[in-house]
Structures are given as C-alpha cells and as structure tokens.
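No hydrogens, no waters, no symmetry mates; every other heavy atom, side chains included, goes into these values. Per chain, numbering begins at 1; letters A, B, ... match sequence-line order.
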Amino acid sequence: MQVTLKILRFDPAKDKKPHWETYQVEAEPWDRVLDLLHKVKWYQDGSLAFRRSCGHGICGSDAMLINGRNRLACKTLVKDLGSVITVEPIRGLPVEKDLIVDMEPFFAAYRAVKPYLINDEPPPQRERLQSPEERARFDQGTKCILCASCTTSCPVFWVNGTYIGPAAIVQAHRFIFDSRDRGKRERFKALASGSGVWRCRTAYNCTEACPREIPVTQLIEEVKREILFDHF
Amino acid sequence: MAIKSKRYQEARLEASTNLELYWWVFMRISGLVLVFLLIGHMWMNAVLVDLNSIDYEYVAKRLSQTTWKVYDWLILALALLHGGNGLRYVLDDWVRDPAKRFWTKVVVYGLLAFLFFLGSLSLFNHDFGVN
Ligand code: HEM
Ligand code: SF4
Ligand code: FES
C-alpha cells in the first residue's frame, strides 16, 4: 500500500521553526512506523534524524508523537494507523534535530528520585530475602523502559518543565514499595516538593501513552497516598 | 543529584515543604464539607421556601441569627479558599509565561480577597434592622 508520511522536521543549522515534510512511501500493512522512517532515511532523504536502537520495544529510544499519540515507532503497525501517518517529536522537551529531543531534563528528574536500592543496614549472610508477594508489590514499575512517552504526554509537564513527571514517579514507586528498600524519605524530598506528585491532576494521558501498559496514574496515586500516610 | 534549578523560582519549587500536601488534603476535606453545606443551603432556600418568594425581609431575618451568619460565612470562606486554590491549580497548569502567570494570580487573589472582605462585612458588620 501507499502511505503518505508527514514528518515534523527541524534542522537547527537552517530552520528557525519546525516545518512539515511529506513523503510517499511504499509499505506493507504489517510494517512498523520505524520501517517507514528507515525507508525515508535510507532511500529518500538521508538527513532525517531519529533515535532507535533495539527495534523491539525494549530500549525505549524511539518514542514519538504518531498520529497525535505518544507511541514507540518500533511497536506501531501501519495497519493500525491508515494510509496517512504523521510523526512529530515528543512534546515538552527541547528539539535538537527532527525527531530527536534533549532528554536531559527527563533524566534529571529520574536521578532526583534516587532510582537505586537504598539500605544502610548490614547485609545478611546470603541475600535480602523477599517473598513472592513482596516482589509482586512493585512489579509494574519494573517494566518501565524510560521511553518518556508518559512524561511528554502530560499537560502539566508541558507547561513550564518543573513537574517531575510520571516516569520519575513510576521509578520511585519501584523502590518505595520494595520491602528491601529504606530510602523512601530521601525520595520524598523530590516527590513531595512543589514540583513533585502534588502537581499531578490525574489527566490519565500517561496511562494511555505507556507502551508497557503500566497503570501509571494508579502508581502515582499510590505514591501520593504513601507520602500522605507517612506524614500524618 | 537533584534537578538543577537555574532560577530562584525553580529553586523555590524544589525546596521541600509539605505545603502542597496540605493543600491537596484541604481540597478533599473542604470539597466534602461543601457538599453538605451547599445541599443544606439549597434545601433551606429553594426547597423549603419558594425560591421566588425570597426577598430582603426573608434574607435579613435569616442573617440576623448567629447560626446562619456562621453557616453562610463557612460557605463563603471554604468556597473562596477551595475555588481560589483550584484556580491557582488551573493557572499553574495553563499559563506558561511566568510574568503573565504572576499578574493573573495577583488579580485573581485580589478579587478573592475583595469578595471575602465584602462578604464578611455584610454578614457581621451590617445592621439588618431585625431584632
Ligand atoms: C460541591 C462540593 C465540591 C467537591 C466535592 C469538590 C472537590 C474538589 C476536589 C477534590 C478538587 C481537587 C482536584 C485535584 O486535586 O485535582 C477540586 C478542585 C477544584 N474545585 Fe472543587 N469541590 C466542590 C465544590 C467546589 C466549589 C463550590 C468551587 C468554586 C467555588 C470549586 C472549584 C474548584 C476548582 C476551580 C478546582 C480546580 C479544578 C482543577 O484542578 O482542574 N469546587 N474540587
Ligand atoms: S512508565 Fe511507560 S511510558 Fe513512562 S517512561 Fe516508563 S515505559 Fe515509558
Ligand atoms: S527501538 Fe528500542 S524501543 Fe523502539
């Protein structure tokens, strides 16, 4: 089938503002959007810039705004989109070139919640044991691939970039509810501040955007509750 | 490592206080209290009496009683605080330009303070001429 592919392009060396370019691409219905981008880059216009690595929905590097929704280009099939497809960079982060954005603010928020196990107690002889139930408590957060689909779909994040964003909260949830972790108060410093979880207005965009089907809004609410009951 | 703040305002946002937690709790509690206050208010002024028969005399008689002064003042205070903080949420979410956001807030807070002042004054400092 013939696909009309519209890409929002921006070259910092030449352009003042992003502009749309249209490409006609021959595609199979089971092709992924990533395949279309490859076809453009390899056979039509080598200057097109985008990120991708694994090509299989695991590395989280190719989140884009595809037909108005944040998705992974490598997990989105042409047959689910139709013959006119629009691709834009994810929103709320500075565009560097074409579909590549500066991820640093996103990862700064990630680092702010200390996404690693914190436990100063002397380690036991063998391991810090955990029951299957305790492991299941934070299972959903472990599926996150840090693609930024959720954070860059959030209207509160778009406003002034000071909201810590859903992805960082999901990552914090992963450790706050880990029975081996003792660092939740440290994480609360970033999470309970004016730029933390209380900025969330439960818009649910994050939950709809997550390619890993993590119930992001629910995890955010659980973190809110944990802060609340820790305080009162 | 924390988020790098480049401006005073960002640094203030990052400074860890529990203020936003208190507002979050307040919104829920005041919302719940408002449900009952407003149902009561409408019940007494629209169901028990005919809405069209409400005149100055009726209002003056009611507002001369301390119970209704306090009741109405609670609605006034809670609705202004709840609605005002709700508007702050909306402005923080939607007005991108920091200068515009600041001045919109100045106007909104000013208006709210004026309404609160006016309402409190007419509840407690007005002689309704009823004994
Ligand atoms: C009748 C009972 C009411 C209940 C149960 C209620 C409940 C709530 C709650 C829980 C929130 C917080 C939402 C959030 O954190 O995202 C909220 C927000 C808000 N409330 Fe109320 N409320 C009530 C009455 C009122 C009244 C009388 C006003 C106006 C004076 C008002 C104006 C607002 C506004 C402007 C917001 C912010 C909306 C937003 O965040 O998008 N509410 N309300
Ligand atoms: S929670 Fe989902 S959408 Fe957000 S960064 Fe992780 S995988 Fe991506
Ligand atoms: S290329 Fe790795 S997630 Fe799409």
Side-chain angles (χ1 to χ4, degrees), chain A residues 91-94 102-116 151 154-165 167-169 171-172 184-203 205 220-221 223-232, chain B residues 1-35 77-109 112-113:
Chain A
R91 291 185 177 153
L93 293 167
D102 177 7
M103 297 284 281
E104 180 46 31
F106 175 79
F107 285 113
Y110 173 57
R111 289 191 298 269
V113 302
K114 310 198 174 189
Y116 39 81
T151 295
C154 175
V156 179
F157 181 77
W158 297 335
V159 185
N160 48 24
T162 51
Y163 174 39
I164 198 162
I169 303 172
Q171 290 293 330
K184 75 176 180 187
R185 292 263 164 77
E186 284 180 47
R187 299 182 223 287
F188 286 174
K189 282 193 188 128
L191 291 167
S193 71
S195 51
V197 292
W198 307 116
R199 291 285 273 129
C200 166
R201 305 252 72 76
T202 52
N205 283 16
I220 296 175
E221 290 303 301
V223 172
K224 282 183 192 168
R225 245 169 259 176
E226 193 66 15
I227 295 174
L228 180 75
F229 292 127
D230 184 67
H231 187 73
F232 289 106
Chain B
M1 199 189 113
I3 308 173
K4 279 204 205 84
S5 41
K6 298 194 193 72
R7 285 177 292 147
Y8 168 67
Q9 239 195 338
E10 289 170 8
R12 256 188 44 186
L13 274 172
E14 281 168 35
S16 199
T17 70
N18 289 307
L19 193 64
E20 290 302 328
L21 165 64
Y22 298 139
W23 274 117
W24 190 86
V25 173
F26 171 79
M27 287 306 267
R28 272 128 195 98
I29 294 176
S30 60
L32 201 71
V33 174
L34 276 168
V35 172
L78 284 182
L80 285 179
L81 275 173
H82 179 103
N85 188 51
L87 278 177
R88 180 178 69 97
Y89 285 166
V90 173
L91 295 178
D92 276 340
D93 287 355
W94 293 101
V95 186
R96 286 153 184 265
D97 183 67
K100 272 191 202 138
R101 191 160 59 226
F102 175 79
W103 287 110
T104 320
K105 281 184 185 174
V106 168
V107 172
V108 168
Y109 296 164
L112 290 175

- prompt: Once you round to the nearest 0.5 Å, how far does CG of B:Asn18 lie from NE2 of A:His231?
  reply: 4.0 Å
- prompt: Which answer fits B:Leu21, side chain, backbone, both or neither, if we ask what part of it has an atom under 4.5 Å from a heavy atom of chain A?
  reply: both
field: Side chain, backbone, both or neither of A:Phe232 within contact of chain B (heavy atoms, under 4.5 Å)
entry: side chain
statement: Value for CD1 (A:Ile227) from CD (B:Glu20), rounded to nearest 0.5 Å, stands at 12.0 Å
field: Exceeds 12 heavy-atom contacts within 6.0 angstrom, atom CZ of A:Arg201
entry: yes
message: Walk me through whether B:Asp92 and A:Val159 qualify under side-chain contact (heavy atoms from CB on, under 4.5 Å).
response: CA-CA 8 Å; B:Asp92 276 340; A:Val159 185; over 6 Å; no
query: At their closest point, which heavy atom of A:Trp158 faces which heavy atom of B:Arg96, and how far apart are they?
result: O-NH1, 3.5 Å
